[in-house]
Amino acid sequence: MRAPLRSRIFKIISEEAELNNVRAFVIGGYVRDFLLKRPSTDVDIVVEGSGLELAENVAKKLSVGVTQFKKFGTAMFRYRGMDIEFVGARKESYTSDSRKPAVENGTLEDDQKRRDFTINALAFSLQKEDYGSLIDPFGGLDDLRDKIIKTPLDPRKTFTDDPLRMIRAIRFATQLQFTIHRDSFASIKQHADRLHIVSQERITAELQKIMASEKPSLGFYLLEESGLLQKILPELSALKGAETMEGKGHKENFSHTMEVLDNVAKESNNLWLRWAALLHDIGKPATKHFDKKTGWTFHGHDFVGSKMVPSVFRKLKLPLGEEMRYVRKLVKLHLRPIALVDEVSDSGVRRLLFDAGDTIDDLMLLCRADITSKNPATVRRHIGNFGRVSQRLIEVEEKDAIRNFQPPVSGEKIMETYGLPPCREVGLIKDYIKEAILDGKIGNNAEEALALMEERARELGISKPVDKDK
Ligand code: CTP
């Protein structure tokens, strides 16, 4: 087959390559995505000869600046919203005195052999005589059509060369909804232990791509089945399995988590909300208990799970600021909306609004996604109850405006009124007012709050300073 490659950039690279007396090809992800009709702005050009020199000459013609990475022999520039990267074709060879591969200049075919999957080893020629022809030595086009992820060489070689490719296989299978070839998957299972030589940053970058996919559970099931999940996130694989005692079983928490994750992914692209879904039940294994009367319980798994979030984030090298706090908060609060079902009191609703603040909508989405059951009638009933809680949230918020609660009497006001320095008593009065508002004893307004301040100050034996000038 032949691709039209109408973009001006490809024509110019083609002309310059001819002038430089080298052969150039578009390769890798751009070719794959072009054939899949997926938009792509990253273009990799492989050159039989010097990639750096060709990049310089093309950039000069386009009057753009080039960034060179001499250590890697690559050079890149941006052109009309596209990132164009040039590299010389490489070949691996083993010297007798070292098991480490030495990289030397090679042909296009040498370069294609070094790539991870057949669908990523496709190239388009930029030579005048066969401009746009597909060069496909490993049957990548067939694999694209059959939706298969397969290594171009013996998978043992491809995966030992770079064990990250085991997760990349799963990432592409998830993103594209492809199947990993039997032999490649068997090899991943066999080499799962090799993952330890890969940096956490590279692993996590792939995890994030799995998380951002349309149906992230596909990736986590594959990670689990291959044995990689135990290495990356044992807290999650610990959710596998359902025990039965005295005829009583419990939900299989791994597949439940997968269902919740996909439910959230259907509704939201917010990556961190998806992480909250993934981690919402990680406190379950540690809190699991069998009670003869009530059966299995996981009391406090919300709290225990939220305490585990920082260490999971630290281990995965995920950001430890706002994003981590958001996930921790959602894990901690994930049972609260549904707990209100039995008794939708205004004070319960106000407390939930106060604790959740701006995350309330995301929390409700997570909580709604958490309603899973094999019995459609049960799901319908829970969703009906949940709808009532949602309605009360809207009504109470309209009436009391708790969501972005600002105390109607500030600490400064209390200090000024009673001539106090910052001290415990100021906190006590402030808390008393806040609790009274959340309990509905007084309204969320300054007048009632000031009256309550005076009452509480009297109880604490605090009086206003005497004004000497009067
Ligand atoms: N590649 C590889 N082994 C790796 C990483 C990359 O063989 N561990 C090759 C593949 O041929 C891949 C190309 O380098 O197509 C570019 O890699 P990258 O930009 O990471 O992936 P893309 O295929 O472009 O996909 P995406 O943009 O979705 O990351």
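Ligands are counted one by one from 1 in listed order, and the atoms in each one are counted from 1 as well. The chain is numbered in sequence order, starting from 1.
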- [ ] Around atom 8 (N) of ligand 1, find the nearest protein heavy atom and jot down its residue, atom name and distance.
- [x]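 Going atom by atom, the protein heavy atom closest to atom 8 (N) of ligand 1 ends up being Asp162 OD2, 2.9 Å.
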Task: Protein contact of atom 21 (O) of ligand 1 - nearest heavy atom, named by residue and atom, plus distance - done: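 The answer is Arg168 NH2, 3.4 Å.
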Taking distance alone, with no angle check, do [X] and ligand 1 share an N/O pair under 3.5 Å?
| X | result |
| --- | --- |
| Gln175 | no |
| Gly29 | yes |
| Asp42 | no |

Task: Pair Phe290 + Trp296: ring centers closer than 6.0 Å - done: yes
Open item on the list: So that I know where these two stand, are Phe178 and Phe117 an aromatic pair - ring centroids less than 6.0 Å apart?
Closed with: no
Going by the atom numbers of ligand 1, which of them fall below 4.0 Å from some non-hydrogen atom of [X]?
| X | result |
| --- | --- |
| Arg115 | 7 (O), 9 (C), 10 (C), 11 (O), 13 (C), 14 (O) |
| Arg165 | 2 (C), 3 (N), 4 (C), 7 (O), 8 (N) |
| Gly28 | 15 (O) |
| Lys209 | 29 (O) |
| Asp44 | 16 (C) |

TODO: Look at the side chain of Asp136 and the backbone N and O of Leu141, then say whether any donor-acceptor pair between them is shorter than 3.5 Å.
DONE: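 Indeed, once roles are kept as given, a pair shorter than 3.5 Å links the two residues.
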- [ ] State whether the side chain of Asp162 and the backbone N or O of Leu164 hold a donor-acceptor pair below 3.5 Å, judged by distance alone.
- [x]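 Here the side-chain-to-backbone pair exists.
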With under 30° as parallel and over 60° as perpendicular, where do the rings of [X] and [Y] fit, or are they tilted in between?
| X | Y | answer |
| --- | --- | --- |
| Phe77 | Phe86 | tilted |
| Phe34 | Phe124 | perpendicular |
| Phe298 | His301 | perpendicular |

TODO: Would you tell me which option among Met166, Glu206, Arg32 has the nearest heavy-atom contact to atom 27 (O) of ligand 1?
DONE: Arg32
- [ ] Please work out which of Leu122, Asp116, Thr41 has its closest non-hydrogen atom nearest to atom 10 (C) of ligand 1.
- [x] Asp116
Open item on the list: Quiz question: by atom type and distance under 3.5 Å, do the side chains of Ser217 and Asp262 form a donor-acceptor pair?
Closed with: yes
Open item on the list: Using the salt bridge (Lys or Arg N to Asp or Glu O under 4.0 Å) definition, which of the options Lys329, Arg350, Arg336, Lys332 pairs with Asp355?
Closed with: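 The option that passes is Arg336.
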Open item on the list: My question is simple, although I want it checked carefully: is atom 19 (O) of ligand 1 less than 4.0 angstrom from any protein heavy atom?
Closed with: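 Not a single protein heavy atom is under 4.0 Å away.
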TODO: Specify side chain, backbone, both or neither for Arg38, according to which of its non-hydrogen atoms lie closer than 4.0 Å to ligand 1.
DONE: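 Contact part for Arg38 vs ligand 1: neither.
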